[in-house]
Colleague: 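Encoded as structure tokens, here's the structure I'll be asking about.
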Amino acid sequence: MSDVVSFLQKMTQALDPGAAAGTNAVLQFNTSKPAYITIKDAKATLTEGSAAGPDVTLIMADDDLIALLKGELNGMQAFMTGKLQLEGDMMLAQRLGTLFDSSKLTG
């Protein structure tokens, strides 16, 4: 399992059930090892590979994705500088920071 997939696995544990209530979404992460997180019933599960019809796809380098999800890299800045490419629901992508507790992702 690559570092980025291990990190995404940690993300499933950091889902904020209150913030995720009522959210049913598939988040595709296209990095060196594609994987996606499915959010349903206030739970998150990670699957390696590509989702059939993700709601949003984030395309970026492994280190940049980890920095973004830890809150060390500003999403809008990453998007504007070309470090982050988005496909799909941009509003959902903007909510990622509120759906996951980034304090659980450090270390």
Colleague: With a 3.5 Å cut-off and no angle check, do the side chains of T12 and Q9 form a donor-acceptor pair?
Modeller: yes
Colleague: Could you walk me through whether L84 and D64 pass side chain to side chain contact (heavy atoms under 4.5 Å, CB included), step by step?
Modeller: CA-CA 8 Å; L84 166 62; D64 289 339; over 6 Å; no
Colleague: If you take all heavy atoms of I37 and A44, which pair is closest and at what distance?
Modeller: CG2-CB, 3.8 Å
Colleague: Of all the heavy-atom pairs spanning L8 and A35, show the shortest one and how long it is.
Modeller: CD1-CB, 4.0 Å
Colleague: Let me see the working for L46 and F29 under side chain to side chain contact (heavy atoms under 4.5 Å, CB included), right down to the final yes or no.
Modeller: CA-CA 10 Å; L46 178 71; F29 299 94; 5.8 Å; no
Colleague: For residues S50 and P34, report the shortest heavy-atom separation together with the two atoms involved.
Modeller: OG-CB, 4.1 Å
Colleague: Please name the pair of heavy atoms, one in L68 and one in N74, separated by the smallest distance, quoted to 0.1 Å.
Modeller: CD1-C, 4.1 Å
Colleague: Under 4.5 Å between any side-chain heavy atoms of L96 and L27, yes or no?
Modeller: yes
Colleague: Can you confirm whether the side chains of N30 and T57 place a donor and an acceptor under 3.5 Å from each other?
Modeller: no
Colleague: Distance check, rounded to the nearest 0.5 Å: K70 atom NZ versus F100 atom CZ?
Modeller: 15.5 Å
Colleague: Are E48 and K33 side-chain neighbours, meaning at least one heavy-atom pair lies under 4.5 Å?
Modeller: yes
Colleague: When hydrophobic residues are tied together by side-chain contacts of less than 4.5 Å, even through go-betweens, does I59 share a cluster with I66?
Modeller: no
Colleague: Can you name the nearest heavy-atom pair linking M60 to T31, along with the distance?
Modeller: O-CG2, 3.4 Å
Colleague: Below 3.5 Å, can you tabulate the donor-acceptor pairs from side chains in residues 86-94 to any protein atom, sequence neighbours excluded?
Modeller:
| unit_1 | atom_1 | unit_2 | atom_2 | d |
| --- | --- | --- | --- | --- |
| D89 | OD1 | M91 | N | 3.0 |
| D89 | OD1 | L92 | N | 3.0 |

Colleague: Are V26 and V56 connected in the hydrophobic side-chain network, where two residues link if heavy atoms are under 4.5 Å apart?
Modeller: no
Colleague: Walk me through it: do V4 and L65 pass the test side chain to side chain contact (heavy atoms under 4.5 Å, CB included)?
Modeller: CA-CA 8 Å; V4 73; L65 177 66; 3.7 Å; yes
Colleague: Is it possible for you to say whether I39 and Y36 belong to one hydrophobic cluster, with membership spreading through side-chain heavy-atom contacts below 4.5 Å?
Modeller: no
Colleague: Side-chain atoms of residues 76-83: list all donor-acceptor pairs with protein atoms under 3.5 Å, sequence neighbours left out, distances to 0.1 Å.
Modeller:
| unit_1 | atom_1 | unit_2 | atom_2 | d |
| --- | --- | --- | --- | --- |
| T81 | OG1 | Q77 | O | 2.9 |
| T81 | OG1 | A78 | O | 3.3 |

Colleague: Looking only at non-hydrogen atoms, find the nearest pair between L15 and K43 and report the distance.
Modeller: CD2-C, 3.5 Å
Colleague: What distance separates T98 OG1 from D16 CG, expressed to the nearest 0.5 Å?
Modeller: 8.0 Å
